[in-house]
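Heads up: the structure comes next, in structure tokens.
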Amino acid sequence: FYWQHTRGNGELFDAEVSLNRIQIGDQVFIQALVRDITERLKTENALLESEHNNKALLDGIPDLILRITETGMIIDYKQSDQQSQLLIAEGAVGKSIADTLPSILAREVLEHARLAISQDRGLQFESELKLHGEDMDYETRIVRSGQAEVLALIRDVTERKRTEKELIKRNFELDSFVYRASHDLKAPLNSLMGLIGLVEGETQEAAVLNYIKMMNKSVVKLDSFIRDLADFSRNARLELAQEQIHWELLLQETLENLQFADGADRIQKHIVITCEGEFFSDPVRIGIIFNNLVSNAIKYQNLRKPDSKVDISIARQGTNAVITIADNGIGISKEYHSRVYNLFFRASIQSYGSGMGMYIVKHAIERIKGTIDLDSVEGEGTTWVVTLPDLGPPLLA
């Protein structure tokens, strides 16, 4: 086994320890052989680091460097010694890239070369090519190198792109599973909630009502978790939409969805909407924001106060819409303000949610290019201010 110890001078050293059992007559001895391998490990680590650095350097070397004119004539070129599908035959100097490169790549290089020269800046693009019957991906960087010439650095990124595509595929499959599972669970859960309501209305027995209350609390917790899963999936899966927002309808839908939440009937709601004129954004993501922030106001009521309330205002501020949702609930301790957007974080034992809500809200707001601010005092209440830009109407195809 290996052992790390500190010398008398405080310096660490590594040792390799071997234990052997030796029997002499009736006596058994353990022989311990200790060998200082500090220098060997340092050498091995240095070689590993060098190997990683060399690999990173090789990965960064282009497969092909072309020095070409604005018209696409090759002034000079350098090919990598690594095996490459993209090879230039000897004698290419003085020829056009149209005669030496695959037609798609040649056309893109020439277009970007002219842009780089006219705009005096570097450019980068990726190309998908079929070479020798195999699909290949190349990354090309164009850098101006003279009055009317550029360097084209072409690198094979096929493996990287394949990994990225595989990751996207796996993420899509996982997201689709979450989406289907959350929707498949909703139907039986809604039926169960309905049955619990029926039983609650048909019995007066205190013990049964107490059991029903506990069952309902568990079902509501499960319903909240499934809603969070569905919101998480929708936010990750759906493309950004640019539709006209009807604030009253979106907010009414949120309040209807939450009307049976535990404590919803106790909280007073004050709504003021002065956001005039057309406003374009993503209604699904705004619905997610409304649902979570209003739900939090209901969940985190201060039951010691005689009245619980939530004030919701939506106003226009230049081209932005400013949504303010303020409650007089239990509030959030200042030490937790920086952590409320973390996945699975719950700042209060009063929470029966999944801890995903504010994480989803934050990412939904970022997807529609907005911001969110928190102002909360423990024991007094919480105010969320969401500022959303007008994304404008969708571009016609």
Are more than 12 heavy atoms from other residues, nucleotides or ligands located less than 6.0 Å from atom [atom1] of [X]?
X      : atom1 : value
Gln147 : CD    : no
Glu166 : CD    : yes
Lys95  : NZ    : no
Lys309 : NZ    : no
Gln204 : CD    : no
Tyr211 : OH    : no
Gln244 : CD    : yes
Glu276 : CD    : no

Who pairs with [X] by side-chain contact (heavy atoms from CB on, under 4.5 Å), at least two apart in sequence or on another chain?
X      : answer
Ile273 : Trp247, Glu248, Leu251, Ile271, Ile314
Ser191 : none
Ala264 : Ala261, Ile298
Arg304 : Asn302

Do [X] and [Y] have side chains that approach each other closer than 4.5 Å (heavy atoms only, starting at C-beta)?
X      : Y      : value
Gln124 : Glu139 : yes
Asp135 : Glu128 : no
Ile372 : Tyr341 : yes
Ile289 : Trp384 : no
Ser308 : Gln268 : no
Ile68  : Val150 : yes
Val310 : Ile325 : yes
Ile97  : Leu66  : yes

[X] and [Y]: same hydrophobic cluster, using ILVMFWY side-chain contacts below 4.5 Å?
X      : Y      : result
Met215 : Leu209 : no
Leu101 : Val157 : no
Phe290 : Leu249 : no
Val322 : Phe279 : no
Ile323 : Phe280 : no

If we ignore hydrogens and angles and just use 3.5 Å, is the side chain of [X] paired with the main-chain N or O of [Y] as donor and acceptor?
X      : Y      : value
Arg144 : Gly146 : yes
Ser281 : Glu243 : no
Thr158 : Asp137 : yes
Glu70  : Ala113 : no
Lys269 : Ile267 : yes
Thr203 : Val199 : no
Asn257 : Glu253 : yes

So how far is it from [X] [atom1] to [Y] [atom2], rounded to the nearest 0.5 Å?
X      : Y      : atom1 : atom2 : value
His246 : Ile286 : NE2   : CD1   : 11.5 Å
Ser145 : Arg67  : OG    : CZ    : 6.0 Å
Thr140 : Glu126 : OG1   : CD    : 9.0 Å
Thr69  : Glu149 : OG1   : CD    : 8.5 Å
Asn292 : Met358 : CG    : CE    : 7.0 Å
Ile142 : Ile154 : CD1   : CD1   : 7.0 Å

Going by the rule salt bridge (Lys or Arg N to Asp or Glu O under 4.0 Å), which residues pair with [X] if we only count those two or more places apart in sequence or in a different chain?
X      : result
Glu205 : none
Asp36  : Arg7
Asp265 : none

Can [X] and [Y] be counted as an ion pair, charged N to O under 4.0 angstrom?
X      : Y      : answer
Asp282 : Lys369 : no
Asp63  : Arg155 : no
Arg160 : Glu164 : yes

Looking only at non-hydrogen atoms, find the nearest pair between Glu335 and Ser338 and report the distance.
O-OG, 4.4 Å

Which atom of Leu250 lies closest to which atom of Pro283, heavy atoms considered:
CD2-O, 3.7 Å

Please set out all donor-acceptor pairs under 3.5 angstrom arising from side-chain atoms of residues 102-112, sequence neighbours excluded.
unit_1	atom_1	unit_2	atom_2	d
Glu108	OE1	Ser127	OG	2.5
His112	ND1	Glu108	O	2.8

Check the pair Tyr138, Asp156 against side chain to side chain contact (heavy atoms under 4.5 Å, CB included), reporting the backbone distance first and the verdict last.
CA-CA 5 Å; Tyr138 285 91; Asp156 183 354; 3.7 Å; yes

Run through the side-chain heavy atoms of Ile, Leu, Val, Met, Phe, Trp and Tyr, join any pair under 4.5 Å, and report what else lands in Leu198's cluster.
Leu195

Could you list the cluster mates of Leu153? Members are the ILVMFWY residues connected by side-chain heavy atoms closer than 4.5 Å, either directly or through other members.
Ile65, Val143, Leu151

Salt bridge (Lys or Arg N to Asp or Glu O under 4.0 Å) pairs, two or more places apart, involving residues 374-392
Arg316-Asp390

Salt bridge (charged side-chain N to carboxylate O under 4.0 Å, His left out) between Glu134 and Arg162, worked out:
CA-CA 13 Å; Glu134 186 177 356; Arg162 284 175 182 167; 3.2 Å; yes

Side chain to side chain contact (heavy atoms under 4.5 Å, CB included) test vs Leu293 passes for just one of Ile312, Val386, Ile288, namely Val386

Given side chain to side chain contact (heavy atoms under 4.5 Å, CB included), test Tyr77 with Val93 step by step and report yes or no.
CA-CA 7 Å; Tyr77 71 96; Val93 173; 4.0 Å; yes

For Thr324, the side-chain hydrogen bond (donor to acceptor under 3.5 Å, both in side chains) test, sequence neighbours excluded, returns none

